[in-house]
2 protein chains.
Amino acid sequence: MTQTPVRPIPKRPLTLRDVSEVSGVSEMTVSRVLRNRGDVSEATREKVLKAARDLGYVPNKIAGALASSRVNLVAVIIPSLSNMVFPEVMTGISEILDDTELQPVVGVTHYKPEREEAVLYEMLSWRPSGVIIAGLEHTEAAKAMLGAAGIPIVEIMDTDGVAIDAVVGISHRRAGRKMAQAIVDAGYKKIGFLGTKMPLDHRARKRFEGFTEALAKAGLEVADQEFYSGGSALAKGREMTETILNRTPDLDFLYYSNDMIGAGGLLYCLDNGIDVPGQIGLAGFNGIEFLDGLPRQLATMDACRVEIGRAAAQIIVDRASDPAAVGKEVVSLDPSLDFGDTLKRIKKV
Amino acid sequence: MTQTPVRPIPKRPLTLRDVSEVSGVSEMTVSRVLRNRGDVSEATREKVLKAARDLGYVPNKIAGALASSRVNLVAVIIPSLSNMVFPEVMTGISEILDDTELQPVVGVTHYKPEREEAVLYEMLSWRPSGVIIAGLEHTEAAKAMLGAAGIPIVEIMDTDGVAIDAVVGISHRRAGRKMAQAIVDAGYKKIGFLGTKMPLDHRARKRFEGFTEALAKAGLEVADQEFYSGGSALAKGREMTETILNRTPDLDFLYYSNDMIGAGGLLYCLDNGIDVPGQIGLAGFNGIEFLDGLPRQLATMDACRVEIGRAAAQIIVDRASDPAAVGKEVVSLDPSLDFGDTLKRIKKV
DNA sequence: AACCGCTATGTTAACGCTAACAGGGCGAAA
DNA sequence: TTTCGCCCTGTTAGCGTTAACATAGCGGTT
């Protein structure tokens, strides 16, 4: 008994026409069935669906998008996927978009402005329904493209600056100030800063600026600092902590620009019998989930990542469904400080 | 002094026609310039480029793709972005694709077969140049779609099973066996297993199968096991380790299905003064970078993630440039065992 | 001067689908 | 029975770009 193959070699890719021929109705009707649009009798609907299924037909969105000038894609442009922060933002975005027709498409810039510009150009050439892009700093050309795209643009993560359209994020300057304030209130005096070398991580820079500003207001300044780039952040955190403590042994607080290096520092201190937070206090930034498993809870500040993703996606969804929506929304979330076990909780006098 | 806006409100989106009118040549010539295809005089080229730049024109790939029936997208379908493993695979893919016209588009399935099917359908409807998809297990419908798509398909991560087209990965069964062998050789006898509850993580399952198989060959079996789902993997690793050791205190080895929970277990043991690897040996799986920063190096097995991404992307690239290429490539990488500090290195007798 | 072979540009017809409108058929109201 | 209106289905005309072919011009040959 020979088994007749259902599809005798798919030479030419399938089109609506193939389905229409098999099911004996017009292409238009097939299109209507496949999109659940317009009235189609139950009998026809089933006939068409069966034909489509039997053939293994997959609609061609390229053609569909061109004809309807509707593209259900949302461009999401972020600096990196290995930072954990961004996958979490993606989670928030997906949560919202999963309930809609819209679909996220991710582009990664590696923190390079020229890559951002290229990725953006590439994305816009697919005519997406909206753009979610990290940060407020872009090349002139990128800003021009975003401004002229005629679609909703949401800049995320950061609210310290001028937005093109909508913004969702936190004030990193304020986050830096808040942390500095807590450190000062707890009575620490000799503070070290450890961060990334990247001059293009504007948000880390802004946190640092807010931090030093608030310290200055309390008559303090950063006593020593140490920067890194590349490599395993956890291991780097260890090394940097060792380095800075050897150089300036009387530091009584270390502020890390992210939780990963902060965690490395914490492990270093514990390994070396340093009393935390008595002898030295520690704090990071981000509130990443994995801190929960450490021997001691690192003080940190939650950057509301999932929430940012959700809010940004919601703006795109709202505007996509109602083109009359005005725009220029500003959602400024408030990062909460978590003292953990590494920052003394002392009431301000 | 009023500043004249360059673009007086971009009502109707720009098309080739707009550029052609401004630059005074035909649409075809503009198209040629913008794609660097065919001979165009230097004078015309510059005129066109200037017009395009001034207008802020961004080509419409939807139309371009339809006309040329060429889409420079590669669909990448993976279970998750929060697993670290997958961002690393993405890194490998990007490394290769960045040198080409091709661009990755990511779809996430959350380990759910029906999501995978839906994501795949969605992706295929954009008629990509190739598909890179994690795993060998798919729904029947998904397999049918992949088989009929008529484009290169590379299934990645796993080589234990039947592939549709090309495969790049490691044998997880073999990886499990190899680890079991090392554990047996080191003289451990009472072995516990800790892993995810997910019945759909086929690769973890295959590792476990290989593991028990090799133990059996040595006359041993898994003495106790513990499973988890959700939550911070590091914290879960701690909890599970505590649970299993309370239940079965005389275990002398713990094999974790991934490094994150393994790291949690390691931290637990260190916190509780358990002698590692003397009293208890530990091992994980994946070789994730962040292990470098831990107080002690967890034994693990490198899953060659970046390498897998590179090889998979290379296959797509090769086939895209040479449609005559036959296909059905099988690239089976060999995971290397890293003893770290938590698995005794004892020569087999 | 007629002709060749270029190079640089233009013209035409898809690509596969959907918006918008145009009927055909049929039951209900008059 | 006629007429209106409602379902359901079909027809036509693009969407913005590119492949393929057509052609204008121009210097160099013979």
Side-chain angles (χ1 to χ4, degrees), chain A residues 10-49 51-52 55 57-72 101 122 124-129 149-150, chain B residues 10-49 51-52 55-73 101 122 124-129 149-150:
Chain A
K11 211 67 263 172
R12 183 185 34 68
L14 293 166
T15 72
L16 270 189
R17 152 152 262 103
D18 297 291
V19 182
S20 90
E21 275 165 7
V22 170
S23 54
V25 297
S26 72
E27 298 174 40
M28 194 60 227
T29 302
V30 176
S31 171
R32 279 195 267 254
V33 170
L34 263 28
R35 288 178 301 143
N36 283 310
R37 198 117 342 152
D39 298 314
V40 180
S41 72
E42 197 48 39
T44 319
R45 153 167 274 103
E46 302 212 329
K47 209 165 41 175
V48 169
L49 285 177
L55 287 170
Y57 173 72
V58 177
N60 185 333
K61 288 217 175 171
I62 306 258
L66 183 60
S68 64
S69 54
R70 233 178 291 120
V71 182
N72 293 322
E101 297 268 75
E122 194 72 17
L124 287 181
S125 74
W126 288 103
R127 301 288 187 268
S129 299
Chain B
K11 213 66 262 172
R12 182 185 35 68
L14 293 166
T15 72
L16 270 188
R17 148 152 266 103
D18 297 290
V19 182
S20 93
E21 275 165 7
V22 171
S23 54
V25 297
S26 72
E27 299 173 40
M28 194 60 227
T29 302
V30 176
S31 171
R32 280 196 266 254
V33 170
L34 265 27
R35 288 178 301 145
N36 285 308
R37 199 121 337 158
D39 298 313
V40 180
S41 72
E42 199 47 41
T44 320
R45 153 167 275 102
E46 302 211 328
K47 208 165 43 178
V48 170
L49 286 177
L55 288 170
Y57 172 73
V58 177
N60 185 333
K61 288 217 176 174
I62 306 259
L66 183 60
S68 64
S69 56
R70 232 178 291 120
V71 182
N72 293 322
L73 297 177
E101 297 268 73
E122 194 73 15
L124 287 181
S125 73
W126 289 102
R127 300 288 188 267
S129 298

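Below, chains carry the letters A, B, ... as their sequence lines are ordered, and counting in each starts from 1.
Whole-Å rounding puts the L66(A) CG to dC15(D) C1' distance at 4 Å. Across the protein-nucleic acid pair, W126(A) atom CH2 and dG16(D) atom P stand 16 Å apart, rounded to whole Å. Taking atom CD on E42(A) and atom P on dC7(D), their separation rounds to 16 Å, with Å as the unit. In this entry the distance linking CZ of R45(B) with P of dT7(C) reads 15 Å, nearest Å. Per the geometry, CG belonging to L34(B) stands 13 Å off C1' belonging to dG16(D), to the nearest Å. dT18(D) atom C1' lies 15 Å from atom CG of N36(B), rounded to whole Å. Summarising the geometry, the separation between CG on N60(B) and C1' on dG14(D) is reported as 14 Å, rounded to the nearest angstrom. In this structure, the CG atom of L14(A) is 15 Å from the C1' atom of dC17(C), given to the nearest Å.
Comment: D18(A) engages R12(A) in a salt bridge, judged by a side-chain N to carboxylate O separation of less than 4.0 angstrom.
When the side-chain nitrogen and oxygen atoms of T29(A) are compared with OP1 and OP2 of dG10(D), one or more of them lie within a distance under 4.0 Å. Between T44(B) and the phosphate of dT9(C), there is a side-chain N or O to OP1/OP2 separation shorter than 4.0 Å. A sub-4.0 Å separation between OP1 or OP2 of dT17(D) and a side-chain N or O of Y57(B) is present.
Between L34(A) and Y57(A) there is a side-chain heavy-atom pair separated by less than 4.5 Å. When side chains are defined from C-beta on, V48(A) does not count as touching V22(A), because their heavy atoms never get closer than 4.5 Å. In this structure the side chain of V58(B) never reaches within 4.5 angstrom of the side chain of W126(A), judged on heavy atoms. A heavy-atom distance below 4.5 Å is found between the side chains of T29(B) and T44(B).
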Write down the protein N/O and nucleotide N/O pairs, taken from nucleotides 18-21 of chain C, whose separation is under 3.5 Å; answer none if there are no such pairs.
| unit_1 | atom_1 | unit_2 | atom_2 | d |
| --- | --- | --- | --- | --- |
| dT18(C) | OP1 | R35(A) | NE | 3.2 |
| dT18(C) | OP2 | S31(A) | OG | 2.2 |
| dA19(C) | OP1 | R70(A) | NH2 | 2.8 |
| dA19(C) | OP2 | R35(A) | NH1 | 3.2 |

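Each of G24(B) and V58(A) lies near DNA chain C, and the nucleotide nearest G24(B) is the one positioned closer to the 5' end. Between S69(A) and D39(A), the residue anchored closer to the 5' end of DNA chain D is D39(A), taking for each the nucleotide with the nearest heavy atom.
By the neighbour-count criterion of 12 heavy atoms within 6.0 Å, atom CD of E21(A) is densely surrounded, having more than that number from other residues, nucleotides or ligands. For R17(A), the CZ atom is loosely surrounded, since the number of other residues' heavy atoms within 6.0 Å does not exceed 12.
Over its length, the helix from dA1(C)-dT30(D) to dA30(C)-dT1(D) turns its helix axis by 60°, as judged from the five terminal pairs at each end, rounded to 10°.
Note that NZ of K47(A) and CD of E42(A) are 12.0 Å apart. Values are rounded to the nearest 0.5 Å.
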#### Entry: V33(B) and L49(B): CA distance, side-chain angles, deciding distance, side chain to side chain contact (heavy atoms under 4.5 Å, CB included) verdict
CA-CA 8 Å; V33(B) 170; L49(B) 286 177; 3.9 Å; yes

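Picking from dG16(C), dG10(D), dT11(C) the nucleotide with the shortest atom distance to the side chain of V25(A) gives dG10(D).
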